[in-house]
Amino acid sequence: MNVLDDLACGLVVSCQPLPDDPDDPMRDPHVQARVAAAVVRGGAVGVRVNGPDDVRAVRAAVDVPVIGLYKHGTAGVFITPTAAHALEVALVGADIVAIDATDRPRPDGRAFADTVRLLRERTDALVLADVSTTAEGVAAVEAGADAVATTLSGYTPASPPTDGPDLGLVERLVALLPVPVIAEGRYRTTEQIARAFEAGAHAVVMGNAVTSPLWITRRLVPATPRAASASTEME
């Protein structure tokens with residue numbers, strides 16, 4: 001038994017402010033800790049959290065597995081891009097460290113396998129490989145990943161963008177890999193969650209659609225007459 005077993009057949013909620021909006025009022029470790037506590041109270045079996053300060057605060061607020069990551073930059077490999085980033089979030093309390101495991105070059109020049117090896121030597125944290133393709137998932141497991149997530153599908157040159165989640169990638173990875181496959185990326189409805197589990201997902205991660213008032217409001221406001229009127233006036 002390990003913390004991945006605690007996530008089985010459940011919903012993991014990503015508790016993060018919007019990465020593209022530095023003025024997001026949710027950008028505060030204590031706020032994210034309360035958000036995490038709320039989703040756990042609602043039934044989430046785990047949380048996904050960005051950055052050492054938020055990981056530390058959330059770890060103190062919840063007793064479910066914490067998937068930690070460290071976003072640095074906005075282009076290329078920016079989800080836990082270096083071994084140093086991975087080690088930092090592990091040491092402040094992440095049970096699982098999510099790392100970009102695509103085949104793109106990493107800022108520190110290390111291979112994904114090198115980062116996995118360092119975490120094994122220095123911590124007890126498990127490794128979740130964020131991938132965008134089937135081949136990347138297979139390579140990540142060969143490099144030592146404990147689980148694979150479809151997080152980056154639609155966000156790399158190797159994977160075309162889609163409006164909804166990449167259920168096909170979930171199915172292919174489940175068929176090929178001996179480790180848990182976690183469905184993540186553009187999950188927004190209960191129907192999509194159900195379909196991911198039908199495809200064999202170990203767990204499903206949902207983020208902005210649950211935890212970002214800013215993201216949710218921006219999606220809803222265009223349906224209002226006021227927004228339509230403002231758009232017409234600008235034309």
Side-chain angles (χ1 to χ4, degrees), residues 3-4 6-21 24 26 32 35-36 38-50 54 58 62 64-69 71 78-80 96-102 128-134 136-137 140 145 147-156 158-175 177 179-220 222-223:
V3 290
L4 286 168
D6 295 332
L7 304 182
C9 301
L11 179 67
V12 175
V13 176
S14 183
C15 304
Q16 301 180 43
L18 288 183
D20 60 349
D21 193 328
D24 185 347
M26 302 289 284
Q32 292 303 317
V35 170
V39 300
V40 170
R41 186 175 181 83
V45 298
V47 291
R48 181 170 163 124
V49 184
N50 173 39
D54 284 14
V58 169
V62 302
V64 298
V66 174
I67 301 173
L69 61 144
K71 289 180 179 176
F78 65 88
I79 295 179
T80 323
I96 303 167
V97 179
I99 303 171
D100 182 317
T102 62
L128 174 62
D130 286 348
V131 304
S132 67
T133 67
T134 306
E136 290 167 355
V148 171
T150 59
T151 315
L152 291 169
S153 175
Y155 300 105
T156 72
S159 59
T162 61
D163 289 334
D166 192 343
L167 292 161
L169 180 58
V170 175
E171 292 178 343
R172 293 192 296 276
L173 291 173
V174 168
L177 302 182
V179 302
V181 174
I182 295 177
E184 181 173 5
R186 300 179 299 282
Y187 284 88
R188 296 163 185 161
T189 68
T190 55
E191 290 80 9
Q192 290 169 339
I193 293 172
R195 290 182 65 192
F197 283 116
E198 290 170 0
H202 181 77
V204 176
V205 177
M206 205 168 187
N208 290 333
V210 177
T211 59
S212 176
L214 177 54
W215 183 89
I216 295 167
T217 305
R218 283 176 175 172
R219 288 179 65 87
L220 298 175

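In this text, all values refer to a predicted model and were calculated from it rather than measured experimentally.
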Chemist: Please report the shortest heavy-atom distance between Leu169 and Thr133, naming the atom on each side.
Modeler: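 Result for this residue pair: CD1-C, 3.7 Å.
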Chemist: Are Arg218 and Asp21 ion-paired here, with the side-chain N under 4.0 Å from a carboxylate O?
Modeler: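 Judged by the 4.0 Å cut-off on N to carboxylate O distance, Arg218 and Asp21 do form a salt bridge.
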Chemist: How close do Pro65 and Asp6 get, counting heavy atoms only, and between which atoms?
Modeler: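 Pro65 and Asp6 have their closest heavy atoms at CG-CB, 3.8 Å.
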Chemist: Mind checking whether Val47 and Val40 have side chains closer than 4.5 Å, heavy atoms only?
Modeler: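 The answer is yes; the side chains approach within 4.5 Å.
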Chemist: For a 4.5 angstrom cut-off between non-hydrogen side-chain atoms, does Met206 reach Ile193?
Modeler: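 Yes, their side chains come closer than 4.5 Å.
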Chemist: If you take all heavy atoms of Val170 and Ala199, which pair is closest and at what distance?
Modeler: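 Answer, listing the atom of Val170 first, then Ala199: CG1-CB, 3.9 Å.
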Chemist: Decide yes or no for Thr80 and Val97: does some side-chain heavy atom of the first lie under 4.5 Å from some side-chain heavy atom of the second?
Modeler: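 Yes, side chains in contact.
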Chemist: Are there over 12 heavy-atom neighbours, none belonging to Asp20, within less than 6.0 Å of that residue's CG?
Modeler: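 Yes, because the 6.0 Å sphere around CG of Asp20 holds more than 12 heavy atoms from other groups.
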Chemist: To the nearest 0.5 Å, what is the distance between SG (Cys9) and CZ (Phe197)?
Modeler: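 Atom-to-atom, Cys9:SG and Phe197:CZ are 6.0 Å apart.
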Chemist: Check each of Asp166, Asp163, Thr162 against Arg186 using the side-chain hydrogen bond (donor to acceptor under 3.5 Å, both in side chains) test, and report the only one that passes.
Modeler: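 One option only clears the test, and that one is Thr162.
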Chemist: Please determine, by modelled atom types, if Thr156 and Ser159 share a side-chain donor-acceptor pair under 3.5 angstrom.
Modeler: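 Yes.
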Chemist: The test is side chain to side chain contact (heavy atoms under 4.5 Å, CB included); show your working for Leu69 and Asp100 and say whether it passes.
Modeler: CA-CA 9 Å; Leu69 61 144; Asp100 182 317; over 6 Å; no
Chemist: Mind checking whether Val12 and Val204 have side chains closer than 4.5 Å, heavy atoms only?
Modeler: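 The answer is no, as the side chains (C-beta and beyond) never meet within the 4.5 Å cut-off.
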Chemist: I'd like to know whether Val181 forms a side chain to side chain contact (heavy atoms under 4.5 Å, CB included) with His202, so could you lay out the CA-CA distance, the side-chain angles of the two residues, the decisive distance to 0.1 Å, and finally the verdict.
Modeler: CA-CA 5 Å; Val181 174; His202 181 77; 5.6 Å; no
Chemist: Which heavy-atom pair separates Cys15 from Val39 by the least distance, and what is that distance?
Modeler: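 Closest heavy-atom pair between Cys15 and Val39: SG-CG2, 4.1 Å.
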Chemist: Take a 6.0 Å sphere around CZ of Arg195 and say whether it holds more than 12 heavy atoms from other residues, nucleotides or ligands.
Modeler: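 No, the 6.0 Å shell around CZ holds no more than 12 heavy atoms from other groups.
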Chemist: Hey, mind stepping through Ile182 and Leu128 against side chain to side chain contact (heavy atoms under 4.5 Å, CB included) and telling me if it holds?
Modeler: CA-CA 9 Å; Ile182 295 177; Leu128 174 62; 4.0 Å; yes
Chemist: In terms of side-chain geometry, is the basic nitrogen of Asp54 or Arg48 positioned less than 4.0 Å from the acidic oxygen of its partner?
Modeler: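 No, this pair does not count.
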Chemist: Hey, does Thr217 have a side-chain heavy atom less than 4.5 Å from the side chain of Leu220?
Modeler: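 Result no, sub-4.5 Å side-chain heavy-atom pair not found.
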Chemist: Minimum heavy-atom separation for Pro180 to Leu4, with atom names?
Modeler: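 Minimum heavy-atom separation between Pro180 and Leu4: CG-CD1, 4.3 Å.
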Chemist: Quick one: are Leu173 and Thr150 in side-chain contact, heavy atoms under 4.5 Å?
Modeler: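 The answer is yes; the side chains approach within 4.5 Å.
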Chemist: To the nearest 0.5 angstrom, please state how far the CH2 atom of Trp215 sits from the CD atom of Gln16.
Modeler: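 With rounding to 0.5 Å, CH2 (Trp215) is 13.5 Å from CD (Gln16).
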Chemist: To the nearest 0.5 Å, what is the distance between CD1 (Ile79) and CG (Asp130)?
Modeler: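 Those atoms lie 5.0 Å apart.
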Chemist: Is there side-chain contact between Val45 and Val64, with heavy atoms separated by less than 4.5 Å?
Modeler: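 No - every pair of side-chain heavy atoms lies 4.5 Å or more apart.
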Chemist: If you round to the nearest 0.5 Å, how far is CG of Asp24 from CG of Leu214?
Modeler: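 Rounded to the nearest 0.5 Å, the CG-CG separation comes out at 5.0 Å.
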Chemist: Taking all heavy atoms of Val131 and all of Ala101, pick out the closest pair and write down the distance.
Modeler: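 Looks like CG1-CB, 4.0 Å.
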Chemist: Would the distance check show the side chain of Gln192 and the main-chain N or O of Thr189 forming a donor-acceptor pair, the cut-off being under 3.5 Å?
Modeler: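 The answer is yes, because a donor-acceptor pair under 3.5 Å joins these two groups.
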Chemist: So do the side chains of Leu18 and Asn208 get within less than 4.5 Å of each other, counting heavy atoms only?
Modeler: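 Side-chain contact under 4.5 Å: yes.
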Chemist: Please check if the side chain of Thr211 supplies one atom and the backbone of Ser14 the other of a donor-acceptor pair under 3.5 Å.
Modeler: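 Looks like yes, one N/O pair under 3.5 Å.
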Chemist: Tyr187 and Leu11: side chain to side chain contact (heavy atoms under 4.5 Å, CB included), yes or no, with the steps?
Modeler: CA-CA 11 Å; Tyr187 284 88; Leu11 179 67; over 6 Å; no
